[in-house]
Amino acid sequence: MPKHPFRLLATILILILVLSFFSAACSKRPAQTDRTAEQTAATTAVSPTITETPTEEPSAIPVPTATAIPTDTPVPLPEVVQWGVFEEAVQIRSSYTNEQKYLEVEVTARFVRPDGSEVTVNGFWDGGNTWRVRFAPGLLGEWSYTIQASDDQGEIAASNGRFRAIPPTADLLERNPNYRGFLRLSEDGRYLTYADGTPFFWMGDTAWRANQLTMSYVPQPDDEGPDVAEFPTYLDNRQAKGFSVIQVVAGFPTQPERVNEGGPTYRKMFSVINPQNFQWLDRRLEAILDRGMVPVMIGQWELAVGTMTPEDLRRYWQYLMARTQAYNVIWIVTGEYGLEQDLEDVRALGEFIQAQNTTNHLVTIHPTPNRPHPAFSSAEHFWGEDWLDFHLHQTWDTAAVRATMLADYGRIPPTPAINAESGYDGMRIWDRERVRLEAWTTFMSGGAGYTYGANGVWNWNDGCCDDERHEPPRWHEAIDIPSSYDMQRLVDFFAPLPWWELAPNEALTDDGYVLATPGERYLVYLPDVPLEKTSARWGWLGKQVAETAVTIDLSNTTGTFTVSWFNPATGDTVVGETVEGGQAHGLTSPFTGDALLHLESTELDDK
C-alpha cells in the first residue's frame with residue numbers, strides 16, 4: 001500500500017482535471033470550422049454579377065499548421081476573350097437511337113449577361129453521347145450559364161457555371177478584326193460594320209465547294225497540282241490579297257455524293273445528321289475566321305431541290321445555327337431561291353431562321369436571274385420584310401450591275417446591297433476587264449460590297465472537273481489570275497479612305513460614275529466600255545476606248561482640290577494640277593482603259 005495514499009489520490013484528480021480541460025478546449029475547433037465553412041458557402045453563393053471578394057473571418061482559436069488552406073479563397077473564373085468562342089460539352093448517357101438524338105433530344109443554354117439580361121441558345125448533338133453548347137460573349141464581365149435538356153438523366157447540372165469575358169488585346173484586334181464583334185448594319189443603313197462600329201469593307205470570293213473533299217483541308221497526294229492542303233493554301237492567298245469574305249455552301253442535304261473528310265451531310269436522309277461532316281465544316285469556318293475573314297454561308301442550294309419537307313429544313317437549319325452561332329458568320333437562307341415554285345416556302349424558312357436567331361447574326365438570301373422567279377436583287381421579292389437584314393444581287397449582266405445597285409440604293413429606308421454573284425472570270429464572255437469593270441461599278445453605284453468569282457476556284461478544279469462545260473483551269477493557276485490582283489488593288493485604293501461617307505452623285509457629270517462627299521472628296525470612275533452599250537443579256541457590245549475624258553461640275557463648292565488618277569489595272573497613280581471649286585472642269589485620263597479620278601480638298605489636310 002502506498003506510503004501517502006491521499007497525496008497519490010490528489011495527484012490523480014489533478015491529472016483528470018487537466019485532461020478534461022484540454023479535451024474541452026480541443027472539442028471547440030471542429031464547430032468553429034463548420035461555422036466558417038457555412039459562412040464561406042453563403043458568401044460565395046451569390047448572384048453571378050456580383051464580383052466582390054468575400055472577407056475572411058479570423059479564427060477564434062488560431063491553430064497554426066503548415067498545410068492550412070483558407071476555405072473562403074475565391075476560385076478564379078475561366079476567361080473567354082470577348083467575341084471569342086465559349087464551348088461546353090455535356091454527356092447524355094440514356095439509350096437513344098441516332099434518330100432520336102438528332103430529332104428529339106433538345107439541349108438549350110440560358111446565359112445571363114453582366115448587365116443581368118438573358119439570352120437562350122440551342123445546343124447540338126456532336127456524335128455518340130455528346131452534346132455541345134457554343135456561344136460568343138459580346139459584353140465584358142462575368143457571365144453565368146444554365147444548361148437544360150429534354151432528358152433529365154443527363155449530366156447537365158455539373159456543366160452549369162460562370163466565366164469572365166475579357167477584352168481582346170490590341171495586337172489580337174490588329175491581327176483579327178473578328179474580335180470587334182459580329183457584323184451588323186450601320187446606323188444609316190448603307191453598309192455593314194463590326195459590333196464596335198468599325199466599318200466593314202466587303203470584298204468577297206466565291207468558294208461554293210469549300211466544304212467538299214474536292215477542296216481538301218489536308219493534303220491529298222493523288223491530286224494534280226501542288227501536294228499541299230488546298231483549302232488553307234487558298235485562304236492564305238485570299239487573305240494576302242485583302243479579301244474579307246469567303247462565300248461557301250455549308251451543306252448538301254440531298255446530294256450524298258458531295259462529301260468532305262467526314263462524309264456526307266446526313267448519315268441517313270433526313271433523320272440522322274452526320275456530326276463528323278460538320279466537324280470538318282467547323283474547321284473550315286474557323287480557318288476563315290482565324291485569318292480575319294468572314295464566312296458567308298448558304299445553308300443549302302435552293303430549298304434542297306424541293307425534296308426536303310419544311311420540317312426537315314427547319315431541323316437542319318436549327319442544327320446548323322447551333323453549331324455556327326458562336327462564329328462571326330452571315331447566314332444565307334438558300335441559294336437561287338427564284339428556282340423554287342412557291343416563294344412562300346422560301347419566306348417561311350427565312351422567318352423561321354430569324355425567329356431562332358437569338359445571337360443576332362445577319363440573315364440574307366441569294367437570288368437568281370432565272371425563272372420561275374427571276375430577280376437581279378432579293379429586294380425585288382422581299383423588300384422591307386423583317387426577316388431579311390440586307391439584300392444580295394446576282395446579275396450576270398453588266399448593264400444590270402449599275403441599274404440594279406442604283407435602284408436599291410434609292411430605296412427607303414436604306415438597306416445595304418451586296419453584289420454577291422456577278423460574272424466569273426473565265427466563264428462565258430467574262431474576262432479580266434469585264435470582271436474589274438463590274439467590281440468598280442458596284443462600289444461606284446453605292447454597293448456595300450462585291451464578291452469576286454473565278455472559273456477553277458468557285459468550282460475548285462483539282463483534276464476532278466475536266467469534263468465540266470466551263471473547262472476550268474487548275475486551282476493553283478486560277479487563284480492567281482490577273483483579275484484577283486485587280487481586286488487587291490481595289491481594296492488597297494479604298495482602304496485609307498472614309499469610303500462609308502461617299503454617296504453616288506450622278507448630277508455632277510455625264511461621264512462615268514461618281515461617289516462624293518460634296519466639298520471634300522470626289523471619285524469618278526471611267527469604264528473602258530460605256531455601260532449603256534452593254535445592255536444585251538449575254539453580249540459584249542461595247543468597244544475599247546483609247547482615251548477617256550470627264551467633265552465634273554464643282555460649281556456648288558469652293559476651295560482647292562488636288563487631282564490624281566488611279567489605274568485599276570496596274571495600281572499606278574498619276575498626280576495632276578490642282579483645280580478650284582466654283583466651276584466645271586474638263587480632265588483627261590492619262591491611262592488607256594478604265595481609270596479613276598480622285599479629287600480631294602486641300603482643307604482635309606488641316607483636319
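For the numbers below, each heavy atom of this structure counts, side chains included, while hydrogens, waters and symmetry mates do not.
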Exercise. Considering only heavy atoms from C-beta outward, does the side chain of R521 approach that of E501 to under 4.5 Å?
Worked result: no
For this session: Sort and list the pairs that fulfil salt bridge (Lys or Arg N to Asp or Glu O under 4.0 Å) and have at least one residue in residues 476-497, not counting sequence neighbours.
Result: K241-D480, R432-D486, R436-D486, D486-R489
Exercise. Taking only residues two or more places apart in sequence or in another chain, which ones pass side chain to side chain donor-acceptor pair (under 3.5 Å) with H373?
Worked result: none
For this session: Give a yes or no on whether the ring-centroid distance for W458 and Y424 is below 6.0 angstrom.
Result: yes
Problem set entry | 4.5 Å side-chain heavy-atom contact, L185 and L192 | yes
Problem set entry | N328: side chain to side chain donor-acceptor pair (under 3.5 Å) partners, not counting sequence neighbours | N178
Exercise. Any salt bridge (Lys or Arg N to Asp or Glu O under 4.0 Å) pairs touching residues 505-516, not counting sequence neighbours?
Worked result: R402-E506
For this session: Could you pull out all residues at least two apart from Y234 that satisfy side chain to side chain donor-acceptor pair (under 3.5 Å)?
Result: D205
Seminar exercise, completed: Contacts of Y525 meeting ring-ring contact (aromatic ring centres under 6.0 Å, His included) (sequence neighbours excluded), chain-then-number -> W440
Seminar exercise, completed: salt bridge (Lys or Arg N to Asp or Glu O under 4.0 Å) pairs touching residues 565-591, sequence neighbours excluded, are none
For this session: Would you list the pairs meeting salt bridge (Lys or Arg N to Asp or Glu O under 4.0 Å) in which at least one residue belongs to residues 374-396, sequence neighbours left out?
Result: R347-E385
Report, one line per pair, each donor and acceptor closer than 3.5 Å where one atom sits in a side chain of residues 286-294; sequence neighbours left out.
| residue | atom | partner | partner atom | Å |
| --- | --- | --- | --- | --- |
| E286 | OE2 | Y327 | OH | 2.6 |
| R291 | NE | D236 | OD1 | 2.7 |
| R291 | NH1 | A287 | O | 3.0 |
| R291 | NH2 | D236 | OD1 | 3.2 |

Problem set entry | side chain to side chain contact (heavy atoms under 4.5 Å, CB included) evaluation trace for M215 with D462 | CA-CA 8 Å; M215 199 171 184; D462 65 347; over 6 Å; no
Exercise. Under 6.0 Å from the six-membered ring centre of W430 and within 45° of its axis: does the NZ or CZ of R428 meet both?
Worked result: no
Problem set entry | Check against side chain to side chain contact (heavy atoms under 4.5 Å, CB included), T364 and V333 | CA-CA 6 Å; T364 187; V333 173; over 6 Å; no
For this session: Check whether the ring centres of Y522 and H598 lie less than 6.0 Å apart, and answer yes or no.
Result: no
For this session: Indicate, with yes or no, if the rings of W83 and Y194 have centres closer together than 6.0 Å.
Result: no
Seminar exercise, completed: ring-ring contact (aromatic ring centres under 6.0 Å, His included) filter on W301, not counting sequence neighbours, yields W208, H366
Problem set entry | Worked verdict on V457 versus R238 for side chain to side chain contact (heavy atoms under 4.5 Å, CB included) | CA-CA 11 Å; V457 176; R238 280 354 192 194; 4.2 Å; yes
Problem set entry | Residue list, ring-ring contact (aromatic ring centres under 6.0 Å, His included) with F201, at least two apart or on another chain | F443, F494, W499
For this session: Would you confirm whether the ring centroid of W460 sits within less than 6.0 angstrom of the ring centroid of F231?
Result: no
Seminar exercise, completed: The ring-ring contact (aromatic ring centres under 6.0 Å, His included) partners of F566 (sequence neighbours excluded) come to F493
Exercise. Is it the case that more than 12 heavy atoms not belonging to Q583 sit under 6.0 Å from its CD atom?
Worked result: yes
For this session: Show your working on side chain to side chain contact (heavy atoms under 4.5 Å, CB included) between L388 and S378 and close with a plain yes or no.
Result: CA-CA 9 Å; L388 196 61; S378 57; 4.1 Å; yes
